[in-house]
K.L.:
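If you scroll down you'll find the structure; I have some questions about it.
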There are 2 protein chains.
Amino acid sequence: MTAQRRVVAEVLDGEHVHLTADEVHARAVAKLPEISRATVYNTLGELVSLGEVLEVSTDRRAKRYDPNAHQPHHHLVCARCGAIKDVHPMGNPMADLPDSERFGFTVSDVEVTYRGICPNCTAA
Amino acid sequence: MTAQRRVVAEVLDGEHVHLTADEVHARAVAKLPEISRATVYNTLGELVSLGEVLEVSTDRRAKRYDPNAHQPHHHLVCARCGAIKDVHPMGNPMADLPDSERFGFTVSDVEVTYRGICPNCTAA
DNA sequence: TACGAACTTGGACGTGATCCAAGGTCCTCC
DNA sequence: GGAGGACCTTGGATCACGTCCAAGTTCGTA
């Protein structure tokens, strides 16, 4: 556990929002000016493979990192500004996919993404 | 409607698979050798905004284009090779998101992505 | 103090997509 | 037929995001 890793972990832990790697880097630099982008990417990659953080790619732009890895949830995304909210829809989408629609796949995961326009963007 | 656009439309219409822009370009070149990548991107963009074709970004690699735009469906993706199948789960995920979880968003769309390993990759 | 393992750095590189200026095609109107 | 203009196409430059890599640094152990 180096100073760099601690800083990255703190950034994610401090704000329960969905930051891009660049945003994480920017905030990390504020705390530890000489931290490099590569290290931020490395550390994020490790946190993801440790299961501490989730990667979310809701659009074609940058991946975002979700510190809320321990509680299953889905996402609601603003199509205009990219803002992301965690949501907990009812039902069990995994059970909604009949065997006849699985084509022999071993299905391990399901991701539900709601899209819309957030209040801010609606107002603007 | 130029020759170039017709070729792109034919490529998508001919094969009911999910091609990347580069694959579309490669097949278009086979029919019309001097067509450029930029034109393929332009045309795909137009087809998408006309609602004739759907963009699917299931992974961090290239976008894929889905000619099956007129029938609502979701996707089952192989996490290893990227293969995509259209699926039709039961239930109505849109109705599963309670108002209390909408945070003032105008929710217009929901996308369900199942992930797993396809039979080919399981065998390999 | 010497050594090695692991981490960090910054710059180069790769991929997919988009942008843009220049040129081409085609229609319309005189 | 010819001029003008709208629209399309081209290919190369550029961008964004992410990854790779060789070199340097730090730190624990003996």
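Order of the sequence lines sets the chain letters (A, B, ...), proteins ahead of strands, with each chain counted from 1.
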K.L.:
Is A:Thr39 near enough to C:dT9 that one of its side-chain N or O atoms lies under 4.0 angstrom from OP1 or OP2?
P.N.:
yes

K.L.:
So does B:Ile35 get a backbone contact from the side chain of B:His25, meaning a donor-acceptor N/O pair under 3.5 Å?
P.N.:
yes

K.L.:
Is there a donor-acceptor contact under 3.5 Å linking the side chains of A:Asp86 and A:His74?
P.N.:
no

K.L.:
Write down the distance between CG (A:Leu44) and C1' (D:dT19), rounded to a whole number of angstrom.
P.N.:
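Going from CG in A:Leu44 over to C1' in D:dT19 covers 13 Å.
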
K.L.:
Do the side-chain N and O atoms of B:Asp66 and B:His73 include a donor-acceptor pair separated by under 3.5 angstrom?
P.N.:
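A donor-acceptor contact under 3.5 Å links the two side chains.
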
K.L.:
To the nearest Å, how far apart are A:Asp59 CG and D:dG18 P?
P.N.:
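Taking CG of A:Asp59 and P of D:dG18, I get 10 Å after rounding.
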
K.L.:
Taking side chain to side chain contact (heavy atoms under 4.5 Å, CB included) as the criterion, tell me which of B:Val77, B:Ile84, B:Val17 meets it with B:Arg64.
P.N.:
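Exactly one pass, corresponding to B:Ile84.
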
K.L.:
Check whether any side-chain N or O of B:Arg5 sits under 4.0 Å from OP1 or OP2 of D:dC8, and answer yes or no.
P.N.:
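Answer yes for this pair, as a side-chain N or O of B:Arg5 is under 4.0 Å from OP1 or OP2.
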
K.L.:
For B:Thr43 and A:Asp22, find the nucleotide of DNA chain D closest to each by heavy atoms; which residue's nucleotide sits nearer the 5' end?
P.N.:
B:Thr43

K.L.:
Return the value, rounded to whole Å, for the distance between atom OH of A:Tyr65 and atom C1' of D:dG18.
P.N.:
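Going from A:Tyr65 (OH) to D:dG18 (C1'), I get 9 Å.
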
K.L.:
Nearest-nucleotide wise, let me know which of B:Glu34 and B:Arg60 is further upstream toward the 5' end of DNA chain D.
P.N.:
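That would be B:Glu34.
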
K.L.:
Does C:dT8 have OP1 or OP2 sitting under 4.0 Å from an N or O in the side chain of A:Thr2?
P.N.:
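The answer is yes; a side-chain N or O of A:Thr2 sits under 4.0 Å from OP1 or OP2.
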
K.L.:
Under 4.0 Å from OP1 or OP2 of C:dT9: is there any side-chain N or O of A:Gln4 that close?
P.N.:
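Affirmative; the distance criterion is met.
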
K.L.:
Using a 3.5 Å distance criterion without hydrogens, assess whether the side chain of A:Arg115 forms a donor-acceptor pair with backbone atoms of A:Thr58.
P.N.:
yes

K.L.:
In whole angstrom, give the distance that lies between atom CZ of A:Arg37 and atom P of D:dT19.
P.N.:
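Computing the A:Arg37:CZ to D:dT19:P distance gives 10 Å.
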
K.L.:
What is the distance, rounded to the nearest whole Å, between atom CD of A:Glu46 and atom P of C:dA6?
P.N.:
12 Å

K.L.:
Just N and O in the side chain of B:Lys63: are any of them under 4.0 Å from OP1 or OP2 of C:dT18?
P.N.:
yes

K.L.:
Nearest to the side chain of B:Ala38, heavy atoms from C-beta on, is which of C:dC19, C:dG11, D:dG18?
P.N.:
C:dC19

K.L.:
Between C:dG14 atom P and B:Arg61 atom CZ, what is the distance in whole Å?
P.N.:
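It is 19 Å, rounded to the nearest whole Å.
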
K.L.:
OP1 or OP2 of D:dT19 versus the side-chain N and O atoms of A:Tyr41: is any pair under 4.0 Å?
P.N.:
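Looking at the OP1 and OP2 atoms of D:dT19, neither is under 4.0 Å from any side-chain N or O of A:Tyr41.
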
K.L.:
Closest approach to the side chain of A:Ser36, judged atom by atom: which nucleotide of C:dT18, C:dC7, C:dT9 is it?
P.N.:
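Given the options C:dT18, C:dC7, C:dT9, the side chain of A:Ser36 is closest to C:dT9.
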
K.L.:
Would you kindly give the CG-to-C1' distance between A:Asn42 and D:dC17, to the nearest whole Å?
P.N.:
15 Å

K.L.:
Specify the separation, in whole Å, of atom CZ of B:Arg6 and atom C1' of C:dC26.
P.N.:
14 Å

